[in-house]
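Have a look at the structure below before the remarks.
Letters go in sequence order (proteins before strands), and every chain restarts at 1.
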2 protein chains.
Amino acid sequence: MVSDHRTKTAAPAHSVAAVVLAVREAQLQVLLWERALDPFAGAWSLPDGSLAPGETLEQSIRRHLATKVDVRELSHIEQLETLSEPARNPLRWELVTAYLGLVPADVDPALPADTRWQPVDALPALAFDHAAIVLAARERLRAKLSYTNIGFALAPSAFSISELRGLYRAALGHDVSATNLQRVLLRRHLLLPTGHRRGPGPSGGRPAALFRFATPRLEVTDPFAVLRPPSS
Amino acid sequence: MVSDHRTKTAAPAHSVAAVVLAVREAQLQVLLWERALDPFAGAWSLPDGSLAPGETLEQSIRRHLATKVDVRELSHIEQLETLSEPARNPLRWELVTAYLGLVPADVDPALPADTRWQPVDALPALAFDHAAIVLAARERLRAKLSYTNIGFALAPSAFSISELRGLYRAALGHDVSATNLQRVLLRRHLLLPTGHRRGPGPSGGRPAALFRFATPRLEVTDPFAVLRPPSS
DNA sequence: GCAAAAGTGTTGTGTCTACACCCATGT
DNA sequence: ACATGGGTGTAGACACAACACTTTTGC
């Protein structure tokens, strides 16, 4: 079957789409794009595009993000899933491979006019199956915040604990104790003190120590291994 | 771009492949297939096939498994990832979406002559990028054994704790304490006593109580939420 | 009684939450 | 001095591993 030539002519189109998330104004936001062409002309959708010969899926989504919405400063990218419902695109048979991309809170890429950040909690109707993809991306991010160092991808290069707390709160959707956040992340050696301090605000207050993430690459830090190997 | 008709003619072929795992003879084994046709004729590979019009990826891999290796008793199936390296297939541009499938230890599907179970720890050279897919599947299974009820998909409908221990040991690759396995799974209400007992072996011994998994569907049982919402 | 296999009791350790308290700065 | 925001100390709850011990069977 791999060499069945009839299937070659019946191959589906393949597109890539990205859920680009960032915390902006204390909210988890996603980068959306207003479609100019059918299907779903005028509707909001995820940034997407077609896979070109000679490139991998990840190269493809990076290319589309760079050329169409000028987003190059992704601190992290990972594949989410491939959707294949035959009717997902009303015009043709098309699969899509979805990616999760993260942008640090301190970068603000210049966006084209048809592109906008939207809070994930208040999404407009989205084209295709993109609403489900956004929710899957948010779940993936939330889970990984608990057992990996993925916070590095949301945070600026240096930050105070309370700033980091704001990022976690926005991404997780619930409050986080600054006390325990600091201790959990320090215990796991995810955070390093930079030695610098943030100046206090206009109304005073103790200056906050600044931290940075120890590693700018995704690592599993809590091997959630209830069933871990015996110590002997 | 979605409506760019040039890309339609340049679409890649799309195949599906499955890592079907089961614990057999105290080892984690994978279902392999000896390829009859090029590319990689004569080499071992994962069971695979082409996506047909009108079907989803999951329907497709279920169809190929049912028709080609006669495996219908999958207790669980989930998508792993989609691989897209342009040179992964030497004959043509082809993506593959990989699935993880699990078969309970007490079912033994009749297999065609070109199909065989092989221990994951002693794999022959595999076609394409299939070796990497098998390792990804094993990692996914191992992780999910710790924080979900996925054990239900490896286990028969009723089992003693020591039988279950054997399954976990084979899948995880290290020893597991029967004492603690029982307590962890009971504490999380994954396991229910059936009220029946297994007769003792020829050399005596206390008869083992039989258990079953409470739910035959994947559930996250340990929300590994170090950063969980405050109780108030 | 003795060996074999299953299951329970118990102790110790580590990680987390919650909350009280202390520290450093501006006005 | 006092308000404001940052950081630490500590106690309690919980989950887990390890291991000793008890129970139930065959011989």
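OP1 or OP2 of C:dC16 sits under 4.0 Å from a side-chain N or O of A:R188.
Taken to the nearest 0.5 Å, the CG atom of B:L185 stands 8.0 Å off from the OG1 atom of B:T221. Between atom CG of residue A:L190 and atom OG1 of residue A:T215 there is a gap of 7.5 Å, rounded to the nearest 0.5 Å.
The distance between atom CG of A:L190 and atom P of C:dC16, rounded to the nearest whole Å, is 11 Å. The CZ atom of A:F159 sits 14 Å away from the P atom of D:dG6 (whole-angstrom rounding). Residue B:R165 contributes atom CZ, which lies 14 Å from atom C1' of D:dA18 at whole-angstrom precision. Rounded to whole Å, atom C1' of D:dA18 lies 16 Å from atom NE2 of B:H174.
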Heavy-atom contacts, protein to nucleotides 5-14 of chain C, under 4.0 Å, summarised as B (base), S (sugar-phosphate only) or - (none) per nt, yield BBSBBB----
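Residue pairs meeting the side-chain hydrogen bond (donor to acceptor under 3.5 Å, both in side chains) criterion with at least one partner in residues 111-122 of chain A, sequence neighbours excluded, are A:D121-A:R138.
Remark: the A:R212 side chain and the A:T194 side chain contain no N/O donor-acceptor pair separated by less than 3.5 Å.
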Would you sort out whether A:F213 and A:F159 count as a ring-ring contact (aromatic ring centres under 6.0 Å, His included), showing the intermediate values?
CA-CA 9 Å; A:F213 274 91; A:F159 46 83; 5.5 Å; yes
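Looking at B:R165, its side chain does come within 3.5 Å of a backbone N or O of B:V176 through a donor-acceptor pair.
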